[in-house]
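Input: a single structure, listed below in C-alpha coordinates.
The structure displayed is predicted, hence computed values, not measured ones. Computed from heavy atoms alone, side chains included, the values below leave out hydrogens, waters and symmetry copies. Throughout, a chain's letter reflects where its sequence line sits, starting with A, and its residues are numbered from 1.
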2 protein chains.
Amino acid sequence: MTDSDDRGTNARTEAPRSRGGRPRASSRRTLEDAASELFLEQGYAGTTIDQIAQRAGVGRNTFFNYFAAKSDLLWLDVDDTIAALPGILDATPVGIDPSAALEHAVTALAARHPHGAVPIALSQREPMATHDEFLAAGLSRFLLVAHALAGFLAARADDGVDATIVRVAANAVTAAAATAAGAWALAGVERGDLAADVGRAIAPVCRGFAPQLDPKPPA
Amino acid sequence: MTDSDDRGTNARTEAPRSRGGRPRASSRRTLEDAASELFLEQGYAGTTIDQIAQRAGVGRNTFFNYFAAKSDLLWLDVDDTIAALPGILDATPVGIDPSAALEHAVTALAARHPHGAVPIALSQREPMATHDEFLAAGLSRFLLVAHALAGFLAARADDGVDATIVRVAANAVTAAAATAAGAWALAGVERGDLAADVGRAIAPVCRGFAPQLDPKPPA
DNA sequence: CCGGTTTCGGTACTGAGTCCATAATGAGTC
DNA sequence: GACTCATTATGGACTCAGTACCGAAACCGG
(Lines give C-alpha, C1' and ligand atoms only; values in the text may rest on other atoms or scores of the structure.)
Protein backbone atom coordinates (compact mmCIF):
# COMPACT_ATOMS: atom_id res chain seq x y z
CA MET A 1 0.00 0.00 0.00
CA THR A 2 2.89 2.26 -0.54
CA ASP A 3 1.78 3.11 -4.02
CA SER A 4 -0.39 5.76 -5.42
CA ASP A 5 -0.05 4.64 -8.98
CA ASP A 6 -2.08 2.34 -11.10
CA ARG A 7 -1.52 -1.09 -9.68
CA GLY A 8 -2.43 -2.32 -6.30
CA THR A 9 -4.99 -1.71 -3.64
CA ASN A 10 -7.58 0.30 -5.43
CA ALA A 11 -6.94 -0.33 -9.03
CA ARG A 12 -9.55 -2.80 -10.12
CA THR A 13 -10.50 -0.81 -13.13
CA GLU A 14 -9.95 -3.14 -16.04
CA ALA A 15 -7.08 -1.64 -17.99
CA PRO A 16 -7.92 1.58 -19.76
CA ARG A 17 -5.62 0.42 -22.57
CA SER A 18 -5.11 3.91 -23.87
CA ARG A 19 -3.05 3.11 -26.93
CA GLY A 20 -1.28 0.06 -28.22
CA GLY A 21 1.11 -2.01 -26.22
CA ARG A 22 1.38 -5.66 -25.45
CA PRO A 23 -1.88 -7.17 -24.24
CA ARG A 24 -2.20 -8.22 -20.63
CA ALA A 25 -1.59 -11.91 -20.96
CA SER A 26 -2.89 -12.95 -17.59
CA SER A 27 -5.85 -10.97 -16.48
CA ARG A 28 -5.79 -10.13 -12.84
CA ARG A 29 -8.52 -12.67 -12.32
CA THR A 30 -6.23 -15.58 -13.11
CA LEU A 31 -3.89 -14.54 -10.36
CA GLU A 32 -6.73 -14.11 -7.91
CA ASP A 33 -8.00 -17.59 -8.62
CA ALA A 34 -4.60 -19.17 -8.39
CA ALA A 35 -4.03 -17.46 -5.09
CA SER A 36 -7.38 -18.51 -3.69
CA GLU A 37 -6.73 -22.12 -4.53
CA LEU A 38 -3.29 -22.11 -3.00
CA PHE A 39 -4.47 -20.34 0.12
CA LEU A 40 -7.03 -23.03 0.66
CA GLU A 41 -4.50 -25.77 0.10
CA GLN A 42 -1.55 -24.42 2.05
CA GLY A 43 -2.73 -21.39 3.92
CA TYR A 44 -1.72 -17.83 3.32
CA ALA A 45 1.64 -17.85 5.05
CA GLY A 46 2.55 -21.13 3.46
CA THR A 47 2.04 -19.83 -0.04
CA THR A 48 4.74 -17.87 -1.80
CA ILE A 49 4.29 -15.39 -4.56
CA ASP A 50 6.37 -17.62 -6.77
CA GLN A 51 3.83 -20.38 -6.40
CA ILE A 52 0.95 -18.09 -7.18
CA ALA A 53 2.63 -16.75 -10.26
CA GLN A 54 3.63 -20.19 -11.37
CA ARG A 55 0.15 -21.62 -11.07
CA ALA A 56 -1.19 -18.65 -12.97
CA GLY A 57 1.36 -19.37 -15.65
CA VAL A 58 3.04 -16.05 -15.24
CA GLY A 59 6.33 -14.61 -14.18
CA ARG A 60 6.85 -13.48 -10.64
CA ASN A 61 7.20 -9.86 -11.66
CA THR A 62 3.88 -9.91 -13.38
CA PHE A 63 2.27 -10.49 -10.03
CA PHE A 64 3.52 -7.14 -8.88
CA ASN A 65 2.10 -5.57 -11.98
CA TYR A 66 -1.35 -6.37 -10.67
CA PHE A 67 -0.95 -6.26 -6.92
CA ALA A 68 1.21 -4.03 -4.82
CA ALA A 69 1.55 -6.60 -2.07
CA LYS A 70 0.69 -10.17 -1.29
CA SER A 71 -1.69 -9.05 1.42
CA ASP A 72 -3.83 -7.26 -1.13
CA LEU A 73 -5.13 -10.66 -2.14
CA LEU A 74 -6.92 -10.97 1.16
CA TRP A 75 -9.16 -8.00 0.57
CA LEU A 76 -10.33 -8.38 -2.99
CA ASP A 77 -14.06 -8.26 -2.36
CA VAL A 78 -13.76 -5.47 0.13
CA ASP A 79 -11.81 -3.36 -2.32
CA ASP A 80 -14.62 -3.61 -4.80
CA THR A 81 -17.09 -2.23 -2.34
CA ILE A 82 -14.77 0.49 -1.13
CA ALA A 83 -14.30 1.60 -4.70
CA ALA A 84 -17.99 2.39 -4.81
CA LEU A 85 -17.84 4.73 -1.85
CA PRO A 86 -17.18 8.01 -3.69
CA GLY A 87 -20.16 7.47 -5.92
CA ILE A 88 -22.37 6.75 -2.96
CA LEU A 89 -21.22 9.82 -1.14
CA ASP A 90 -22.02 11.95 -4.15
CA ALA A 91 -25.45 10.41 -4.41
CA THR A 92 -26.35 11.07 -0.80
CA PRO A 93 -29.21 13.55 -0.46
CA VAL A 94 -28.15 17.00 0.59
CA GLY A 95 -31.19 18.16 2.46
CA ILE A 96 -30.56 16.15 5.61
CA ASP A 97 -28.37 16.65 8.62
CA PRO A 98 -24.70 15.68 8.26
CA SER A 99 -24.93 12.97 10.87
CA ALA A 100 -27.94 11.45 9.13
CA ALA A 101 -26.23 11.73 5.76
CA LEU A 102 -23.24 9.90 7.13
CA GLU A 103 -25.40 7.13 8.49
CA HIS A 104 -27.29 6.93 5.25
CA ALA A 105 -24.17 6.72 3.11
CA VAL A 106 -22.46 4.02 5.13
CA THR A 107 -25.59 1.92 5.25
CA ALA A 108 -25.98 2.31 1.50
CA LEU A 109 -22.42 1.19 1.02
CA ALA A 110 -23.05 -1.92 3.07
CA ALA A 111 -26.23 -2.60 1.13
CA ARG A 112 -24.25 -2.52 -2.06
CA HIS A 113 -21.87 -5.22 -0.91
CA PRO A 114 -22.57 -8.62 -2.49
CA HIS A 115 -23.97 -11.07 -0.02
CA GLY A 116 -21.50 -13.85 -0.67
CA ALA A 117 -18.43 -11.66 -0.86
CA VAL A 118 -16.39 -12.46 2.19
CA PRO A 119 -12.64 -11.79 2.28
CA ILE A 120 -10.59 -14.90 1.80
CA ALA A 121 -8.90 -14.72 5.13
CA LEU A 122 -12.16 -14.41 7.02
CA SER A 123 -14.08 -17.08 5.23
CA GLN A 124 -11.29 -19.59 5.78
CA ARG A 125 -10.04 -18.61 9.15
CA GLU A 126 -8.73 -21.83 10.59
CA PRO A 127 -6.27 -22.90 7.92
CA MET A 128 -4.96 -19.40 7.49
CA ALA A 129 -3.51 -18.23 10.75
CA THR A 130 -2.55 -14.88 9.40
CA HIS A 131 -4.38 -12.64 11.67
CA ASP A 132 -1.64 -10.06 11.96
CA GLU A 133 -0.79 -9.48 8.37
CA PHE A 134 -4.41 -9.71 7.42
CA LEU A 135 -5.39 -6.99 9.82
CA ALA A 136 -2.46 -4.80 8.96
CA ALA A 137 -3.45 -4.84 5.35
CA GLY A 138 -7.00 -4.16 6.42
CA LEU A 139 -5.98 -0.97 8.10
CA SER A 140 -5.20 0.57 4.76
CA ARG A 141 -8.78 -0.02 3.72
CA PHE A 142 -10.02 1.37 6.98
CA LEU A 143 -8.08 4.54 6.43
CA LEU A 144 -9.37 4.93 2.91
CA VAL A 145 -12.93 4.75 4.10
CA ALA A 146 -12.39 6.92 7.14
CA HIS A 147 -10.65 9.55 5.09
CA ALA A 148 -13.42 9.65 2.55
CA LEU A 149 -16.03 9.94 5.27
CA ALA A 150 -14.12 12.71 7.00
CA GLY A 151 -13.98 14.69 3.78
CA PHE A 152 -17.65 14.10 3.24
CA LEU A 153 -18.49 15.26 6.74
CA ALA A 154 -16.27 18.29 6.53
CA ALA A 155 -17.97 19.38 3.36
CA ARG A 156 -21.45 18.99 4.80
CA ALA A 157 -20.98 20.14 8.35
CA ASP A 158 -21.02 23.73 9.50
CA ASP A 159 -17.83 25.66 9.06
CA GLY A 160 -17.71 26.19 12.77
CA VAL A 161 -17.26 22.50 13.53
CA ASP A 162 -13.86 21.54 14.82
CA ALA A 163 -11.82 19.63 12.25
CA THR A 164 -10.64 17.15 14.83
CA ILE A 165 -14.11 16.21 15.93
CA VAL A 166 -14.98 15.56 12.31
CA ARG A 167 -12.14 13.11 11.99
CA VAL A 168 -12.99 11.53 15.31
CA ALA A 169 -16.54 10.98 14.20
CA ALA A 170 -15.49 9.58 10.85
CA ASN A 171 -13.06 7.16 12.41
CA ALA A 172 -15.48 6.05 15.09
CA VAL A 173 -18.18 5.40 12.54
CA THR A 174 -15.76 3.49 10.35
CA ALA A 175 -14.63 1.42 13.28
CA ALA A 176 -18.19 0.59 14.23
CA ALA A 177 -19.04 -0.35 10.67
CA ALA A 178 -15.91 -2.43 10.26
CA THR A 179 -16.58 -4.28 13.49
CA ALA A 180 -20.09 -5.10 12.43
CA ALA A 181 -18.93 -6.15 8.99
CA GLY A 182 -16.30 -8.39 10.50
CA ALA A 183 -18.84 -10.04 12.75
CA TRP A 184 -21.13 -10.47 9.79
CA ALA A 185 -18.41 -12.12 7.76
CA LEU A 186 -17.48 -14.47 10.57
CA ALA A 187 -21.07 -15.46 11.22
CA GLY A 188 -20.82 -18.09 8.52
CA VAL A 189 -23.69 -19.28 6.46
CA GLU A 190 -26.40 -18.04 8.77
CA ARG A 191 -25.36 -14.45 8.42
CA GLY A 192 -28.14 -12.03 7.81
CA ASP A 193 -28.33 -8.66 6.14
CA LEU A 194 -25.07 -6.79 6.20
CA ALA A 195 -26.67 -3.39 5.80
CA ALA A 196 -28.94 -4.01 8.76
CA ASP A 197 -26.06 -5.09 10.95
CA VAL A 198 -23.94 -2.15 9.95
CA GLY A 199 -26.84 0.21 10.42
CA ARG A 200 -27.38 -1.00 13.96
CA ALA A 201 -23.71 -0.55 14.71
CA ILE A 202 -23.25 2.97 13.44
CA ALA A 203 -26.56 4.42 14.56
CA PRO A 204 -25.42 5.01 18.16
CA VAL A 205 -22.24 6.67 16.99
CA CYS A 206 -24.03 8.97 14.59
CA ARG A 207 -26.54 9.80 17.27
CA GLY A 208 -23.77 10.59 19.70
CA PHE A 209 -22.04 13.01 17.39
CA ALA A 210 -25.17 14.59 16.00
CA PRO A 211 -25.25 17.48 18.50
CA GLN A 212 -21.82 18.58 17.41
CA LEU A 213 -22.09 17.88 13.71
CA ASP A 214 -25.56 19.04 12.85
CA PRO A 215 -26.52 22.71 12.60
CA LYS A 216 -28.46 23.97 15.54
CA PRO A 217 -32.13 24.57 14.86
CA PRO A 218 -32.43 28.32 14.35
CA ALA A 219 -35.13 28.55 16.98
CA MET B 1 3.55 -8.96 16.75
CA THR B 2 3.32 -12.58 15.96
CA ASP B 3 4.54 -13.59 19.34
CA SER B 4 2.85 -14.26 22.58
CA ASP B 5 6.02 -14.95 24.48
CA ASP B 6 8.27 -12.76 26.50
CA ARG B 7 9.89 -10.49 24.00
CA GLY B 8 8.27 -7.95 21.84
CA THR B 9 5.31 -5.67 21.91
CA ASN B 10 4.28 -5.75 25.49
CA ALA B 11 7.27 -6.95 27.33
CA ARG B 12 8.78 -3.90 28.85
CA THR B 13 9.10 -5.48 32.23
CA GLU B 14 12.75 -5.19 33.15
CA ALA B 15 14.03 -8.73 33.23
CA PRO B 16 12.67 -10.71 36.11
CA ARG B 17 15.99 -12.59 36.09
CA SER B 18 14.48 -15.49 37.94
CA ARG B 19 17.59 -17.61 38.25
CA GLY B 20 21.08 -17.22 36.92
CA GLY B 21 22.01 -17.12 33.31
CA ARG B 22 24.10 -14.86 31.21
CA PRO B 23 23.44 -11.19 31.94
CA ARG B 24 21.61 -9.14 29.41
CA ALA B 25 24.54 -7.41 27.88
CA SER B 26 22.66 -4.66 26.18
CA SER B 27 19.63 -3.56 28.05
CA ARG B 28 16.72 -2.87 25.81
CA ARG B 29 17.25 0.80 26.42
CA THR B 30 20.52 0.84 24.53
CA LEU B 31 18.80 -0.49 21.46
CA GLU B 32 16.01 2.02 21.77
CA ASP B 33 18.46 4.87 21.97
CA ALA B 34 20.52 3.65 19.07
CA ALA B 35 17.41 3.31 16.99
CA SER B 36 16.15 6.76 17.89
CA GLU B 37 19.40 8.34 16.87
CA LEU B 38 19.54 6.51 13.59
CA PHE B 39 15.93 7.25 12.77
CA LEU B 40 16.60 10.94 13.21
CA GLU B 41 19.69 10.78 11.07
CA GLN B 42 18.47 8.59 8.24
CA GLY B 43 14.78 8.07 8.70
CA TYR B 44 13.03 4.87 9.62
CA ALA B 45 13.04 3.19 6.24
CA GLY B 46 16.63 4.15 5.66
CA THR B 47 17.80 2.44 8.82
CA THR B 48 18.46 -1.26 8.90
CA ILE B 49 18.36 -3.50 11.90
CA ASP B 50 22.01 -4.27 11.30
CA GLN B 51 22.84 -0.63 11.82
CA ILE B 52 20.80 -0.41 14.99
CA ALA B 53 22.39 -3.50 16.44
CA GLN B 54 25.84 -2.37 15.43
CA ARG B 55 25.47 1.04 17.04
CA ALA B 56 24.20 -0.61 20.17
CA GLY B 57 27.26 -2.83 20.09
CA VAL B 58 25.25 -5.97 19.77
CA GLY B 59 24.65 -8.78 17.36
CA ARG B 60 21.77 -8.58 14.95
CA ASN B 61 19.94 -11.48 16.52
CA THR B 62 20.04 -9.84 19.89
CA PHE B 63 17.76 -7.18 18.51
CA PHE B 64 15.11 -9.78 17.99
CA ASN B 65 15.53 -10.90 21.55
CA TYR B 66 14.10 -7.58 22.66
CA PHE B 67 11.77 -6.61 19.85
CA ALA B 68 9.60 -8.81 17.73
CA ALA B 69 9.75 -6.44 14.79
CA LYS B 70 11.45 -3.29 13.67
CA SER B 71 8.17 -1.43 13.75
CA ASP B 72 7.84 -2.01 17.46
CA LEU B 73 10.41 0.71 17.89
CA LEU B 74 7.93 3.26 16.69
CA TRP B 75 5.52 2.68 19.52
CA LEU B 76 7.68 2.51 22.60
CA ASP B 77 5.95 5.22 24.61
CA VAL B 78 2.53 4.05 23.64
CA ASP B 79 3.30 0.54 24.76
CA ASP B 80 4.13 1.80 28.19
CA THR B 81 0.77 3.44 28.53
CA ILE B 82 -1.10 0.49 27.12
CA ALA B 83 0.59 -1.74 29.64
CA ALA B 84 -1.12 0.25 32.35
CA LEU B 85 -4.59 -0.35 31.01
CA PRO B 86 -5.44 -3.54 32.93
CA GLY B 87 -4.64 -1.89 36.21
CA ILE B 88 -6.76 1.10 35.35
CA LEU B 89 -9.68 -1.06 34.39
CA ASP B 90 -9.46 -2.88 37.68
CA ALA B 91 -9.39 0.37 39.56
CA THR B 92 -12.46 1.79 37.87
CA PRO B 93 -15.34 2.29 40.30
CA VAL B 94 -18.06 -0.31 40.06
CA GLY B 95 -21.07 1.70 41.11
CA ILE B 96 -21.47 3.61 37.86
CA ASP B 97 -23.04 2.77 34.53
CA PRO B 98 -20.92 0.72 32.10
CA SER B 99 -20.78 3.49 29.55
CA ALA B 100 -19.64 5.96 32.17
CA ALA B 101 -17.10 3.48 33.49
CA LEU B 102 -15.72 3.05 30.00
CA GLU B 103 -15.40 6.78 29.53
CA HIS B 104 -13.79 7.12 32.93
CA ALA B 105 -11.25 4.40 32.32
CA VAL B 106 -10.13 5.63 28.93
CA THR B 107 -9.76 9.17 30.16
CA ALA B 108 -7.76 7.93 33.12
CA LEU B 109 -5.50 6.03 30.80
CA ALA B 110 -4.89 9.15 28.76
CA ALA B 111 -4.22 11.13 31.91
CA ARG B 112 -1.57 8.66 32.88
CA HIS B 113 0.36 9.13 29.65
CA PRO B 114 3.48 11.25 30.07
CA HIS B 115 3.11 14.62 28.46
CA GLY B 116 6.28 14.48 26.41
CA ALA B 117 5.90 10.92 25.27
CA VAL B 118 5.17 11.05 21.59
CA PRO B 119 5.90 8.07 19.36
CA ILE B 120 9.03 8.51 17.35
CA ALA B 121 7.34 8.36 14.01
CA LEU B 122 4.82 11.02 14.89
CA SER B 123 7.20 13.47 16.48
CA GLN B 124 9.47 13.34 13.47
CA ARG B 125 7.05 12.99 10.66
CA GLU B 126 8.78 14.65 7.75
CA PRO B 127 12.05 12.74 7.67
CA MET B 128 10.32 9.47 8.27
CA ALA B 129 7.92 8.79 5.47
CA THR B 130 6.76 5.54 6.91
CA HIS B 131 3.15 6.17 7.34
CA ASP B 132 2.06 2.76 6.17
CA GLU B 133 4.26 0.56 8.22
CA PHE B 134 3.85 2.83 11.18
CA LEU B 135 0.10 2.57 11.07
CA ALA B 136 0.09 -1.12 10.43
CA ALA B 137 2.13 -1.67 13.54
CA GLY B 138 -0.19 0.66 15.36
CA LEU B 139 -3.14 -1.52 14.60
CA SER B 140 -1.78 -4.17 16.91
CA ARG B 141 -1.89 -1.67 19.73
CA PHE B 142 -5.36 -0.62 18.75
CA LEU B 143 -6.55 -4.19 18.95
CA LEU B 144 -4.98 -4.73 22.33
CA VAL B 145 -6.81 -1.75 23.74
CA ALA B 146 -10.08 -2.50 22.02
CA HIS B 147 -10.00 -6.09 23.20
CA ALA B 148 -9.35 -5.08 26.76
CA LEU B 149 -12.16 -2.57 26.66
CA ALA B 150 -14.55 -5.08 25.17
CA GLY B 151 -13.80 -7.52 27.95
CA PHE B 152 -14.28 -4.80 30.49
CA LEU B 153 -17.60 -3.79 29.01
CA ALA B 154 -18.80 -7.34 28.72
CA ALA B 155 -18.10 -7.91 32.38
CA ARG B 156 -19.91 -4.78 33.48
CA ALA B 157 -22.83 -4.66 31.13
CA ASP B 158 -26.05 -6.53 31.57
CA ASP B 159 -26.05 -10.11 30.47
CA GLY B 160 -28.75 -9.30 27.98
CA VAL B 161 -26.56 -7.00 25.95
CA ASP B 162 -25.58 -8.32 22.55
CA ALA B 163 -21.95 -9.35 22.38
CA THR B 164 -21.51 -7.71 19.01
CA ILE B 165 -22.71 -4.35 20.18
CA VAL B 166 -20.23 -4.54 23.02
CA ARG B 167 -17.39 -5.03 20.60
CA VAL B 168 -18.70 -2.32 18.33
CA ALA B 169 -18.80 0.11 21.21
CA ALA B 170 -15.32 -0.84 22.37
CA ASN B 171 -13.86 -0.44 18.92
CA ALA B 172 -15.61 2.83 18.26
CA VAL B 173 -14.41 4.27 21.54
CA THR B 174 -10.89 3.09 20.86
CA ALA B 175 -10.98 4.63 17.40
CA ALA B 176 -12.19 7.92 18.77
CA ALA B 177 -9.53 7.92 21.45
CA ALA B 178 -6.80 6.97 19.02
CA THR B 179 -7.81 9.69 16.62
CA ALA B 180 -7.74 12.29 19.34
CA ALA B 181 -4.41 11.01 20.61
CA GLY B 182 -2.97 11.14 17.13
CA ALA B 183 -4.12 14.70 16.66
CA TRP B 184 -2.68 15.57 20.05
CA ALA B 185 0.67 14.09 19.15
CA LEU B 186 0.77 15.90 15.82
CA ALA B 187 -0.14 19.22 17.38
CA GLY B 188 3.51 19.82 18.21
CA VAL B 189 4.72 21.89 21.07
CA GLU B 190 1.48 23.73 21.65
CA ARG B 191 -0.44 20.57 22.39
CA GLY B 192 -2.64 20.73 25.41
CA ASP B 193 -3.96 18.15 27.80
CA LEU B 194 -4.21 14.70 26.27
CA ALA B 195 -6.83 13.50 28.71
CA ALA B 196 -9.05 16.45 27.94
CA ASP B 197 -8.76 15.90 24.21
CA VAL B 198 -9.45 12.21 24.52
CA GLY B 199 -12.33 12.85 26.85
CA ARG B 200 -13.96 15.20 24.36
CA ALA B 201 -13.54 12.63 21.62
CA ILE B 202 -15.00 9.63 23.37
CA ALA B 203 -17.82 11.35 25.21
CA PRO B 204 -20.15 11.38 22.20
CA VAL B 205 -19.49 7.74 21.51
CA CYS B 206 -20.11 6.68 25.07
CA ARG B 207 -23.26 8.80 25.13
CA GLY B 208 -24.45 7.19 21.93
CA PHE B 209 -24.06 3.66 23.22
CA ALA B 210 -25.31 4.34 26.72
CA PRO B 211 -28.93 3.38 26.00
CA GLN B 212 -27.84 -0.06 24.92
CA LEU B 213 -25.06 -0.67 27.41
CA ASP B 214 -26.47 0.71 30.62
CA PRO B 215 -29.16 -1.04 32.63
CA LYS B 216 -32.58 0.48 32.27
CA PRO B 217 -33.71 2.39 35.30
CA PRO B 218 -36.09 0.06 37.13
CA ALA B 219 -38.78 2.69 37.18
C1' DC C 1 7.91 -2.29 -42.41
C1' DC C 2 8.73 1.19 -38.51
C1' DG C 3 8.67 3.85 -34.28
C1' DG C 4 6.05 4.02 -30.00
C1' DT C 5 4.06 1.89 -26.20
C1' DT C 6 3.00 -1.42 -23.05
C1' DT C 7 3.60 -5.73 -20.80
C1' DC C 8 6.34 -9.82 -19.81
C1' DG C 9 10.05 -12.32 -17.74
C1' DG C 10 14.54 -13.06 -16.03
C1' DT C 11 18.42 -11.69 -13.02
C1' DA C 12 20.10 -9.59 -9.21
C1' DC C 13 19.74 -7.17 -5.10
C1' DT C 14 18.21 -5.44 -0.27
C1' DG C 15 16.45 -6.27 4.06
C1' DA C 16 13.19 -8.40 7.54
C1' DG C 17 12.39 -12.24 10.09
C1' DT C 18 13.40 -17.33 11.37
C1' DC C 19 16.14 -21.29 12.71
C1' DC C 20 19.87 -23.52 14.78
C1' DA C 21 24.00 -24.61 16.85
C1' DT C 22 27.35 -22.90 19.96
C1' DA C 23 29.61 -20.06 23.22
C1' DA C 24 29.49 -17.11 27.31
C1' DT C 25 27.94 -16.10 31.87
C1' DG C 26 26.02 -16.54 36.20
C1' DA C 27 23.30 -18.95 40.14
C1' DG C 28 22.67 -22.77 42.83
C1' DT C 29 24.51 -27.33 44.54
C1' DC C 30 27.61 -30.69 46.31
C1' DG D 1 36.46 -25.43 43.25
C1' DA D 2 33.86 -28.46 40.10
C1' DC D 3 29.51 -29.45 38.21
C1' DT D 4 25.02 -28.64 36.53
C1' DC D 5 21.50 -25.85 34.79
C1' DA D 6 19.17 -21.94 32.95
C1' DT D 7 19.54 -17.88 30.40
C1' DT D 8 21.37 -14.97 27.02
C1' DA D 9 24.53 -13.62 23.09
C1' DT D 10 26.28 -14.48 18.72
C1' DG D 11 27.17 -15.87 14.12
C1' DG D 12 25.91 -18.36 9.96
C1' DA D 13 22.63 -19.89 6.86
C1' DC D 14 18.19 -19.63 5.14
C1' DT D 15 13.36 -18.02 3.21
C1' DC D 16 10.80 -14.74 1.15
C1' DA D 17 8.66 -10.06 0.06
C1' DG D 18 9.49 -6.24 -2.44
C1' DT D 19 12.41 -3.28 -5.69
C1' DA D 20 15.24 -2.07 -9.66
C1' DC D 21 16.85 -2.84 -14.15
C1' DC D 22 16.96 -4.47 -18.75
C1' DG D 23 16.05 -6.73 -22.82
C1' DA D 24 12.56 -9.04 -25.39
C1' DA D 25 7.86 -9.81 -26.85
C1' DA D 26 3.50 -8.21 -28.43
C1' DC D 27 0.37 -4.99 -30.03
C1' DC D 28 -0.89 -0.29 -32.01
C1' DG D 29 -1.06 3.45 -35.63
C1' DG D 30 1.07 5.10 -39.65
Grab the [atom1]-[atom2] distance between [X] and [N] for me, whole Å please.
| X | N | atom1 | atom2 | value |
| --- | --- | --- | --- | --- |
| B:Tyr44 | C:dG15 | OH | P | 13 Å |
| A:Asp72 | D:dA17 | CG | P | 13 Å |
| B:Phe67 | D:dT8 | CZ | P | 15 Å |
| A:Gln54 | C:dG9 | CD | P | 12 Å |
| A:Arg28 | C:dT7 | CZ | P | 13 Å |
| B:Gln51 | C:dT14 | CD | C1' | 12 Å |

Strictly distance-based, threshold 3.5 Å: is any side-chain N or O of B:Tyr44 a donor or acceptor partner for the main-chain N or O of B:Leu38? no
Could you check whether any side-chain N or O of A:Thr47 sits under 3.5 Å from a backbone N or O of A:Gly43, counting only pairs where one atom can act as donor and the other as acceptor? yes
Ignoring hydrogens and angles, write down the donor-acceptor pairs under 3.5 Å from the side chains of residues 174-182 of chain B, residues two or more places apart or on other chains.
unit_1: B:Thr174; atom_1: OG1; unit_2: B:Ala170; atom_2: O; d: 2.7
unit_1: B:Thr179; atom_1: OG1; unit_2: A:Asn171; atom_2: ND2; d: 2.7
unit_1: B:Thr179; atom_1: OG1; unit_2: B:Ala175; atom_2: O; d: 2.6

| query | Given side chains that start at C-beta, do those of A:Ile52 and A:Phe39 come closer than 4.5 Å, heavy atoms only? | reply |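 They are in side-chain contact.
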Basic-acidic side-chain contact under 4.0 Å: B:Asp50, B:Arg55: no
For B:Thr164, the side chain to side chain contact (heavy atoms under 4.5 Å, CB included) test, sequence neighbours excluded, returns A:Ala183, B:Asp162, B:Val168
Quick tally for nucleotides 9-16 of chain D: nucleotides whose base has a protein heavy atom under 4.0 Å get B, sugar-phosphate-only ones S, the rest -, giving SBBB---S
